[in-house]
Engineer: 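Let me give you the structure first, and then I'll get to my questions.
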Amino acid sequence: MANKISTVSLSDTFTAGLWNENPVFRLLLGMCPTLAVTAAVKPAFTMGGCVIFVLLCSNIVVSLMRNLLKPHLRILMFTLTIATFVTIADLFLKAYIPDMSEALGPYVPLIIVNCIIICRAEACASKNGLAVSVVDAIGMGLGFTLAICVLAAVRELLGTGMIDLYFFNLPLPKAFVPWVVMVMPAGAFITLGLLLGLVNKVTSKQT
Amino acid sequence: MSKVKFFLQQSWLLIFASFTFGLLLAAANAALQDKIKQNEQNKLNKKMAELITDANDFALVLDDVVIQLSKSKTVKADVYKGTDAEGNTIGFAYIAEGPGFADKIKLVIAADAKLTKFYGFKVLASSETPGFGDKIKDEFYNSQYTGTPFGKLELVKTGDDKKIDSEIVAISGATVSSEAVIKIFNSYTDKVQEKLEAKGLIANGK
């Protein structure tokens with residue numbers, strides 16, 4: 001019985017990040033990378049990968065040391081932990097995917113101040129065991145990645161007339177004139193607003 | 001004594017974590033730093049080869065050209081010599097930087113062996129506005145520098161962008177970025193020429 005409850009709980013934890021508590025569309029967390037790196041799918045996907053790595057590692061470390069944390073020092077410990085893994089992710093990108101490191105610019109180091117990661121450390125990892133923390137990190141990380149990739153796909157398709165991925169390109173008909181505004185900051189706000197409206201419409205029908 | 005004990009009780013985890021994470025970062029840095037430096041050098045070599053197409057090899061000839069970017073800021077520029085298969089100097093390329101609209105712009109600028117004309121420039125790093133300032137990489141603006149006389153350049157808002165002279169036509173809607181590139185060029189020209197002449201690298205040809 002205990003195992004069954006635990007399994008259900010893990011499954012709920014995982015799916016919460018994907019939809020009900022999606023960090024971008026439902027909690028409106030991590031808006032800086034959401035708006036800044038979604039002009040194209042490739043950098044958005046890379047950013048998502050970095051966030052999953054940092055979220056997973058920080059949740060594991062915070063969960064393991066949760067019983068040792070002094071309340072007044074916990075934010076300092078979270079920041080220290082997150083900064084370490086962000087720096088490792090940044091070095092890894094510079095070494096093995098330099099094009100993406102260049103495209104993402106300062107937004108990889110800025111993951112340190114990404115609200116999603118510190119929020120999950122505070123709300124989940126510092127209060128739960130390792131399994132829940134890991135599943136929460138994967139669910140939230142995937143939810144964030146999917147959300148910014150959807151946003152990036154819309155912006156890139158309309159802004160450049162095609163989606164350029166590693167393994168295939170999805171072009172629009174040649175008659176389509178790209179809407180340059182979509183790859184600019186204004187396009188990020190417009191697309192995010194429309195997608196938020198759509199998500200709200202869908203969820204209001206569900207409830 | 002009790003104060004020390006209290007301090008350690010409160011902060012031992014923080015101290016331990018700082019050391020552990022510090023070691024982790026040092027290990028990651030040691031493992032990846034060579035690869036990162038190699039990537040940067042490969043990128044620079046690729047850009048220099050695109051600018052000085054006849055050169056087979058690039059060698060660092062100067063690393064102490066001091067450039068005054070502002071009253072309080074100076075940088076040191078690296079100058080590379082491009083040579084062909086016989087060892088003849090084909091041109092020089094140097095890394096140049098300066099403030100742009102959004103952030104620092106870093107360029108590699110190339111000129112011929114006698115410093116009479118520019119071969120052009122390539123952007124190594126910039127965070128200029130997409131659709132506007134980042135057009136400094138585009139053909140319209142970039143090609144104006146190819147063949148331009150080596151010396152001070154001037155930005156003009158209207159003119160013939162096909163004409164090869166020291167007047168560079170600005171990008172419409174991105175005057176600040178256009179001007180930033182001109183300023184970077186002008187900040188480096190005299191100093192690089194002076195240092196190369198002082199070392200006798202221009203006159204020798206080899």
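Labels below follow one simple rule: chain letters A, B, ... track the order of the sequence lines, proteins then strands, and each chain is numbered from 1.
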Engineer: Looking at V181(A), L91(A), L73(A), which has the largest count of heavy-atom pairs under 4.5 Å with chain B?
Structural biologist: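 Sorted descending by pairs with chain B, the first entry is L91(A).
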Engineer: Around Y141(B), counting heavy atoms of other residues, nucleotides and ligands shown, do more than 12 lie under 6.0 Å from its OH?
Structural biologist: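 Yes, enclosed.
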Engineer: NZ of K152(B): more than 12 outside heavy atoms within 6.0 angstrom?
Structural biologist: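 Yes - once you tally the heavy atoms of other residues, nucleotides and ligands closer than 6.0 Å, there are more than 12.
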Engineer: Measure the spacing between CD of Q10(B) and NE2 of H72(A) and express it to the nearest 0.5 Å.
Structural biologist: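 Going from the CD atom of Q10(B) to the NE2 atom of H72(A) covers 4.0 Å.
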Engineer: Considering only heavy atoms and a distance below 4.5 Å, find which of L25(B), D103(B), N29(B) pairs most often with chain A.
Structural biologist: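 The option with the most such pairs is L25(B).
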Engineer: If I take atom CD from residue Q33(B) and atom NZ from residue K94(A), how far apart are they, to the nearest 0.5 angstrom?
Structural biologist: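 That separation rounds to 8.5 Å.
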Engineer: To the nearest 0.5 Å, how far apart are CG in L13(B) and CZ in R74(A)?
Structural biologist: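 L13(B) atom CG to R74(A) atom CZ measures 14.0 Å (nearest 0.5 Å).
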Engineer: When rounded to the nearest 0.5 angstrom, what is the spacing between CG in L93(A) and CG in N39(B)?
Structural biologist: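 So the CG of L93(A) and the CG of N39(B) are separated by 11.5 Å.
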Engineer: Working to the nearest 0.5 Å, report the span between OG of S18(B) and CG of L80(A).
Structural biologist: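 Result: 4.5 Å between the selected atoms.
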Engineer: Mind listing the closest non-hydrogen atom pair of L32(B) and F92(A) along with its distance?
Structural biologist: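 Smallest heavy-atom distance, with atoms named: CD1-N, 3.7 Å.
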Engineer: If I measure from the heavy atoms of chain A, does K37(B) come under 4.5 Å with its side chain, its backbone, both, or neither?
Structural biologist: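 For K37(B), there is no contact with chain A at all, as no heavy atom is under 4.5 Å.
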Engineer: Do F16(B) and L68(A) come close enough that some side-chain heavy atom pair is under 4.5 Å?
Structural biologist: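 Contact flag for F16(B)/L68(A) side chains = no.
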Engineer: Which pair of heavy atoms, one from M77(A) and one from L14(B), lies closest together, and at what distance?
Structural biologist: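 Looking at all heavy atoms of both residues, the closest pair is SD-CD1, 3.3 Å.
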Engineer: Side chain, backbone, both or neither: which part of T81(A) has a heavy atom under 4.5 Å from chain B?
Structural biologist: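 Both parts, backbone and side chain.
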Engineer: Indicate the atoms forming the closest heavy-atom contact of A28(B) with I88(A), along with that distance.
Structural biologist: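 Minimum heavy-atom contact is CB-CG1, 4.1 Å.
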Engineer: Would you say CZ of F189(A) has more than 12 non-hydrogen atoms from neighbouring residues, nucleotides or ligands within 6.0 angstrom?
Structural biologist: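 It does not: F189(A) CZ has 12 such atoms or fewer within range.
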Engineer: So for atom CZ, which belongs to F78(A), do other residues, nucleotides or ligands contribute more than 12 heavy atoms lying within a distance under 6.0 Å?
Structural biologist: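 Atom CZ in F78(A) is crowded, with more than 12 foreign heavy atoms closer than 6.0 Å.
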Engineer: More than 12 heavy atoms of other residues, nucleotides or ligands under 6.0 Å from CD of E139(B): yes or no?
Structural biologist: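 No, the 6.0 Å shell around CD holds no more than 12 heavy atoms from other groups.
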Engineer: Does atom NZ (K191(B)) have a neighbourhood of more than 12 heavy atoms from anything else shown, all under 6.0 Å?
Structural biologist: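 Open: at most 12 neighbouring heavy atoms sit under 6.0 Å from NZ of K191(B).
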Engineer: Flag yes if more than 12 heavy atoms outside D138(B) fall under 6.0 Å of its CG atom; otherwise flag no.
Structural biologist: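 Above 12, so yes.
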